[in-house]
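Since the structure comes first, as structure tokens, the remarks are kept for the end.
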Amino acid sequence: MPELPEVELYCRYFAEHGLHQRVAAVHVLDERILGVRNAALKKAVVGREFTQVRRHGKHLFADAGSSWLHLHFGMSGDLFYYDNDSAQPRFARVVFEFDNGSRLAYDDMRLFGVVGVTPGPDAFLAEHRLGPDPISSGFRLPVFRTIVHGRRGAVKSLLMTQEIIAGMGNLYVDETLYRASIHPRRAVDALSDAEVEAIYTGIRGVLKEAIAFKSRGGDYPVKWLTQHREEGDRCPRCGGTIQRTVVFGRTTYFCAKHQV
DNA sequence: TTCCATGTTCCGCA
DNA sequence: TTGCGGAACATGGA
């Protein structure tokens, strides 16, 4: 599930449960999830406490003093905090055990995520050349226009590329273009100024609204495309037909009538 | 049994 | 340099 809104919620969850208590032990249940050596992970966090969390795009960072824990959630990553050992989630890959016996589990069924260590978020972003985070305060319309300028190819590909904008994935890109009434395969260099602005507004709106209602425990509104990801479904906005195709190697849904 | 899944990376080709 | 298609990774659910 984890795109930017989900990782934002994980970030808040980590901040609520995982900070300001000493890490007594780290249990690595499956080494395939590690982006660092097991010993290096333990050295970085055991005996320390996490003091703050940060998020950039789909990446979460927790300050462990001399270095930071880095979490990426792949396709199925999640966090679970619990007291009773019997509550350990089924696909727990790494478990952080605190002094008081409580635990924070990194759970990831499909193992596409990463649990790693980095000198810091800024170094990580530079090393991986990640683009700006689209809900950060600095991500204004002129910034987005600069990003779009000089690029080619399908607009969906642009929005999916983490080196260009960090945090959007298949679901929210489709939702954004649906809201902006832009066909996912439209050429970036053929977008009008008004269309670029519509996409910018769509990105911010979709992501912020998703965070807002997910944080309240709600589901996506029925008016959202994500509730209609099925070939032949009716568009809740215009009554058009929902079509399925493949863009950027990913299953893509759009309304054949109002997304031009 | 087969297909599909909210992600990323690497490779070859234009 | 940029963009894109395809394959690979690992696992469970429909």
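As the structure is a prediction and not an experimental result, all values here were calculated from the model. Here is how names work: the chains are called A, B, and so on, in the same order as the sequence lines, proteins then strands, and each is numbered from 1.
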Could you list the protein-to-nucleotides 7-11 of chain B atom pairs, N/O on both sides, closer than 3.5 Å?
from  : atom 1 : to       : atom 2 : distance (Å)
B:dG7 : OP1    : A:Lys58  : NZ     : 3.0
B:dG7 : OP2    : A:Asn170 : N      : 3.3
B:dG7 : OP2    : A:Arg250 : NH1    : 2.7
B:dG7 : OP2    : A:Arg250 : NH2    : 2.8
B:dT8 : OP1    : A:His72  : NE2    : 3.0
B:dT8 : OP2    : A:Lys58  : NZ     : 2.9

Walk me through it: do A:Asp30 and A:Arg93 pass the test salt bridge (Lys or Arg N to Asp or Glu O under 4.0 Å)? CA-CA 5 Å; A:Asp30 193 323; A:Arg93 307 302 187 184; 3.7 Å; yes
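Among the atoms of the strands shown, none is found under 4.0 Å from any heavy atom of A:Thr226. Within the nucleic acid shown, A:Thr251 comes within 4.0 Å of sugar-phosphate atoms alone, with no base atom in reach, counting heavy atoms only.
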If pairs are Watson-Crick or G-U with both distances under 3.5 Å, what is the dot-bracket string of DNA chain B, marking crossing pairs with [ ] and pairs to another strand with |? .||||.||||||||
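Between A:Glu175 and A:Arg179 no salt bridge is recorded (no basic side-chain N to carboxylate O distance below 4.0 Å).
Of all the heavy atoms in A:Asp108 and A:Ser76, the pair that sits closest is OD1-OG, 2.5 Å.
Side chains of A:Leu104 and A:Phe14 form a contact here, defined as non-hydrogen atoms less than 4.5 Å apart. Taking the side chain as every heavy atom from C-beta outward, A:Val36 and A:His70 never approach each other to under 4.5 Å. Using a 4.5 Å heavy-atom cutoff, the side chains of A:Ile211 and A:Leu4 are in contact. Side-chain contact between A:Gln259 and A:Arg186 is absent, with no heavy atoms from C-beta onward closer than 4.5 Å.
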Run the side-chain donor-acceptor check on residues 109-136 of chain A: report pairs under 3.5 Å with partners two or more places apart or on a different chain.
from     : atom 1 : to       : atom 2 : distance (Å)
A:Thr118 : OG1    : A:Gly120 : N      : 3.4
A:Thr118 : OG1    : A:Gly120 : O      : 3.3
A:Asp122 : OD1    : A:Arg54  : NH2    : 3.4
A:Asp133 : OD1    : A:Arg55  : NH2    : 3.4
A:Asp133 : OD1    : A:Ile135 : N      : 3.1
A:Asp133 : OD1    : A:Ser136 : N      : 3.4
A:Asp133 : OD2    : A:Arg55  : NH1    : 2.5
A:Asp133 : OD2    : A:Arg55  : NH2    : 3.4
A:Asp133 : OD2    : A:Gly57  : N      : 2.7
A:Ser136 : OG     : A:Asp133 : O      : 2.7

Could you list the donor-acceptor pairs under 3.5 angstrom formed between side-chain atoms of residues 140-151 of chain A and any protein atom two or more places apart in sequence or on another chain?
from     : atom 1 : to       : atom 2 : distance (Å)
A:Arg145 : NH1    : A:Asp193 : O      : 3.2
A:Arg145 : NH2    : A:Asp193 : O      : 3.4
A:Thr146 : OG1    : A:Pro142 : O      : 2.9

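As a member of the Ile/Leu/Val/Met/Phe/Trp/Tyr network built from side-chain separations under 4.5 Å, A:Val222 groups with nothing else and remains a singleton.
In the 5' to 3' direction, nucleotides of DNA chain C lying under 4.0 Å from heavy atoms of chain A begin and end at C:dT2 to C:dG13.
Whole-Å rounding puts the A:Glu230 CD to B:dC4 C1' distance at 14 Å.
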